[in-house]
Amino acid sequence: MNIQTLTALLVVPATNTTMKPELAAHWPELGEILRVGIPRPPRPIVVQDLPAYRAATLAAVQPFMEARPDIVLYGCTTAGFLAGPAGDRQMCDALADAVGVPAVTTAYSMVEALRHAQVRRPAVVTPYLPASNDGLKRFLKAYDIDVAVLNSLMFTTVEQYNNASEPQVWEIAVPTAGHADADGLFIACTQLPTLGILDRLREKCGKPVWGAIQATAWCGKQALAKAGTTTH
């Protein structure tokens, strides 16, 4: 019997170069990843960008309806949590309706992964500026998840995001995870590379550790299982 593999429609900011290859590693059953890059400002996304970014996203996915992917993965963490729980759900529903298949967002995948790991007070690592970090905390708080500590790389340019490295993430993640009140670690942002350090961080810290891309892959699998989809 020939087992057909799954196809994902990956929706990310146009500058994102990390999520597609790491997603493929976390989810080897994906035979094809159709990447849709959404135009973005040459700086970190802010709340005022969300209406235009949402419109551009929905317009960009329309041509892919005929490709018949199995799932849509909305990989812009910032746009998800800045929209708040209701806005993130609306974006997820709009993508699912537009393409006609299940959809998951990285922002909500963060919530689901932390709940699955029974992490209630995570340590969080981000590359974000203060306004976005505050938005992330509010988003998690809405789901009764209190951030014990948040440390940020404080990136101000797209170039800094593009040049992020695993050693750079490791250097900030280890002391952040070691916070006494934290019962787990989450590394936010799908542009931060984490594939090669997640297992080492778990061993080093002795706590649950999740990355944004890993969480999205896991949540996507759960969504397909719930929908009864295992093959194309």
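Counting begins at 1 with the first residue of the sequence.
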Inset, instruction - Go through Val125 and Leu185 one step at a time and tell me if the side-chain contact (heavy atoms from CB on, under 4.5 Å) criterion holds. - result: CA-CA 8 Å; Val125 167; Leu185 172 69; 4.1 Å; yes
Inset, instruction - Could you tell me whether Glu112 and Arg115 have a side-chain N and a carboxylate O separated by less than 4.0 Å? - result: yes
Inset, instruction - State the CG-CD distance between Asn151 and Glu171, to the nearest 0.5 angstrom. - result: 12.0 Å
Legend entry - Side chains of Thr106 and Thr216, donor plus acceptor under 3.5 Å: yes
Legend entry - Hydrophobic cluster identity match, Ile213 and Val169, side-chain contacts under 4.5 Å: no
Inset, instruction - Kindly indicate, with the supporting measurements, whether the criterion side-chain contact (heavy atoms from CB on, under 4.5 Å) is fulfilled by Thr126 and Leu153. - result: CA-CA 6 Å; Thr126 84; Leu153 294 163; over 6 Å; no
Legend entry - Separation of Cys189 SG from Asn16 CG (nearest 0.5 Å): 7.0 Å
Inset, instruction - Determine the interplanar angle of the His116 and Trp218 rings, folded into 0 to 90°, and report it as parallel if under 30°, tilted if 30 to 60°, perpendicular if over 60°. - result: tilted
Legend entry - Whether over 12 other heavy atoms sit under 6.0 Å from Lys207 NZ: yes
Inset, instruction - Using a cut-off of 6.0 Å, state whether more than 12 heavy atoms not belonging to Gln62 lie near its atom CD. - result: yes
Legend entry - From CA spacing to verdict: side-chain contact (heavy atoms from CB on, under 4.5 Å), Thr157, Arg43: CA-CA 5 Å; Thr157 67; Arg43 51 159 173 76; over 6 Å; no
Inset, instruction - Could you state whether Met19 and Tyr128 fall into the same hydrophobic cluster, counting links through intermediate Ile, Leu, Val, Met, Phe, Trp or Tyr residues with side-chain heavy atoms under 4.5 angstrom apart? - result: no
Legend entry - Shared hydrophobic cluster for Tyr74 and Leu224 (ILVMFWY, side-chain gaps under 4.5 Å): no
Legend entry - ILVMFWY clustering at 4.5 Å (side-chain atoms), partners of Leu195: none
Inset, instruction - Nearest 0.5 Å please: distance from the CD1 atom of Ile197 over to the CD1 atom of Ile187. - result: 5.0 Å
Inset, instruction - Examine Leu10 and Tyr53 and state if one hydrophobic cluster contains both, with Ile, Leu, Val, Met, Phe, Trp and Tyr joined whenever side-chain heavy atoms are less than 4.5 Å apart. - result: no
Inset, instruction - Establish whether Tyr143 and Val124 are linked, either directly or via other cluster members, by ILVMFWY side-chain heavy-atom contacts under 4.5 Å. - result: yes
